[in-house]
**Student:** 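Below is one structure. I have some questions about it.
Sequence lines set the chain letters: A, B, ... in the order given, protein chains first and strands last, and positions in each chain run from 1. Being a predicted model, the structure only gives us computed values, none of them experimental. Just so it is clear, the values below take in all heavy atoms, side chains as well, and ignore hydrogens, waters and symmetry mates.
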Amino acid sequence: MPEQRDYFQEVYEVVRLVPKGRVTTYGSIARYLSLRAGARMVGWAMNGSHSHPDVPAHRVVNSVGVLTGKHFFGGPTIMQQLLEDEGVKVEDDRVVDFKTRLWDPSTELGL
DNA sequence: GCCGTGACGAAAT
DNA sequence: TATTTCGCCACGG
């Protein structure tokens, strides 16, 4: 059983804190956890989120609100439907009103 | 230990 | 605004 690095777990924990109907970004998580690795490693960490049922990876998008990881949900429309089911409108693979929907841990958790 | 890859980000064009 | 270029660094081969 390959145990991922500790920061993998930390990333999952932060993602679980994302409220329903909100989204966050890889970069925000990386900055909140002070990951030198950068935003890319957050995405890499999400790659192992399939083993973590309580990790709403569909609420994690890139800096411009694009659903870059939608293809990893077993289909090109799964992620979008999950978001819309939570009240997050998605159009052209982008979160509508992304700037308002953004949930930044460093801000919402009161850094 | 080097090399290619990647669910990213920011700046330049 | 879309595309390109570069920087970032962990992981697998």
Side-chain angles (χ1 to χ4, degrees):
Chain A
M1 296 294 285
E3 284 227 18
Q4 293 89 323
R5 296 258 277 147
D6 292 339
Y7 62 82
F8 271 48
Q9 297 296 333
E10 295 190 58
V11 171
Y12 302 146
E13 188 173 351
V14 174
V15 176
R16 287 194 201 106
L17 296 177
V18 179
K20 183 179 179 182
R22 292 289 194 119
V23 294
T24 190
T25 70
Y26 304 94
S28 296
I29 296 172
R31 191 176 62 177
Y32 174 70
L33 296 177
S34 302
L35 299 180
R36 279 149 75 263
R40 297 192 100 153
M41 290 300 93
V42 177
W44 200 272
M46 299 311 295
N47 200 322
S49 65
H50 65 87
S51 299
H52 301 256
D54 292 328
V55 179
H58 58 275
R59 294 178 186 157
V60 186
V61 296
N62 69 356
S63 62
V64 293
V66 178
L67 284 56
T68 48
K70 66 173 184 177
H71 195 67
F72 282 52
F73 284 78
T77 59
I78 305 299
M79 185 175 184
Q80 179 174 336
Q81 278 195 343
L82 285 171
L83 287 171
E84 290 187 339
D85 185 61
E86 296 182 350
V88 180
K89 296 178 182 177
V90 178
E91 190 171 300
D92 192 34
D93 296 339
R94 276 177 275 165
V95 176
V96 177
D97 222 353
F98 166 70
K99 188 177 179 182
T100 307
R101 294 287 184 176
L102 178 60
W103 184 86
D104 191 318
S106 299
T107 302
E108 300 296 330
L109 296 181
L111 174 61

**Student:** Tell me the interatomic distance from A/N62, atom CG, to B/dC8, atom P, rounded to whole angstroms.
**Tutor:**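 Going from CG in A/N62 over to P in B/dC8 covers 6 Å.
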**Student:** Between P on B/dA7 and OH on A/Y12, what's the gap in Å once rounded to a whole number?
**Tutor:**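 About 14 Å, once rounded to whole Å.
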**Student:** Need one value for A/A57: base, sugar-phosphate or nothing, where a base atom within 4.0 Å counts as base even if backbone is also close, heavy atoms only.
**Tutor:** base
**Student:** Roughly, in whole Å, what's the span from CE in A/M46 to P in C/dC9?
**Tutor:** 21 Å
**Student:** Considering just the side-chain nitrogens and oxygens of A/T68, establish if one lies under 4.0 Å of OP1 or OP2 belonging to B/dA7.
**Tutor:** no
**Student:** Measure from OH on A/Y32 to P on B/dC8 and round the result to the nearest Å.
**Tutor:** 22 Å
**Student:** For the side chain of A/F73, counting heavy atoms from C-beta on, which of B/dA7, C/dA2, B/dG6 is nearest?
**Tutor:** B/dA7
**Student:** Would you kindly give the CG-to-P distance between A/N47 and C/dC11, to the nearest whole Å?
**Tutor:**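 So the CG-P distance, A/N47 to C/dC11, works out to 12 Å.
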**Student:** Are any non-hydrogen side-chain atoms of A/L67 and A/L83 less than 4.5 angstrom apart?
**Tutor:** yes
**Student:** Does some side-chain heavy atom of A/R59 sit less than 4.5 Å from a side-chain heavy atom of A/V15?
**Tutor:**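 Not in contact.
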**Student:** Give a yes or no on whether the backbone of A/W103 and the side-chain of A/R22 come within a donor-acceptor separation of less than 3.5 Å.
**Tutor:**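 Not confirmed, A/R22 side chain does not pair with A/W103 backbone.
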**Student:** So if I take every side-chain heavy atom of A/M41 and compare against B/dG6, B/dC8, C/dA2, which nucleotide ends up nearest?
**Tutor:**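 Within the option list, the nearest is B/dG6.
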**Student:** Determine the sole option in A/V64, A/L102, A/N62, A/D104 for which the side-chain contact (heavy atoms from CB on, under 4.5 Å) test with A/T25 is passed.
**Tutor:** A/L102
**Student:** Does the base of B/dG9 carry an N or O that pairs as donor and acceptor with the side chain of A/R31 under 3.5 Å?
**Tutor:** no
**Student:** The side chain of A/R36 is closest to which nucleotide in this list: B/dA7, C/dA10, B/dA10?
**Tutor:**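 Closest nucleotide to the A/R36 side chain: C/dA10.
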**Student:** Rounded to the nearest Å, what distance is computed from the CZ atom of residue A/F72 to the C1' atom of nucleotide B/dT5?
**Tutor:**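 Going from A/F72 (CZ) to B/dT5 (C1'), I get 11 Å.
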**Student:** Where the side chain of A/A37 is concerned, which of B/dG9, C/dA10, B/dA7 is the nearest nucleotide?
**Tutor:** C/dA10
**Student:** So does A/Y26 get a side-chain nitrogen or oxygen closer than 4.0 Å to the phosphate oxygens (OP1/OP2) of C/dC9?
**Tutor:** no
**Student:** With the side chain of A/A39 defined as its heavy atoms from C-beta on, choose the nearest nucleotide among B/dA7, C/dC8, B/dG9.
**Tutor:** B/dG9
**Student:** Measure CZ/A/R40 against P/C/dG7 and give the value in whole Å, please.
**Tutor:** 12 Å
**Student:** Give one of base, sugar-phosphate or nothing for A/G43, where a contact means two heavy atoms less than 4.0 Å apart.
**Tutor:**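 Touches a base.
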**Student:** Spell out, as yes or no, whether a donor-acceptor pair under 3.5 Å connects the side chain of A/Y12 to the backbone of A/A45.
**Tutor:** yes
**Student:** Check the distance between B/dG6's C1' and A/K70's NZ and give it to me in whole angstrom.
**Tutor:** 18 Å
**Student:** DNA chain B: A/V64 or A/W44, which has the more 5' nearest nucleotide?
**Tutor:** A/W44
**Student:** Check the phosphate of B/dA7 against A/R59, side-chain N and O only, distance under 4.0 Å to OP1 or OP2. Yes or no?
**Tutor:** no
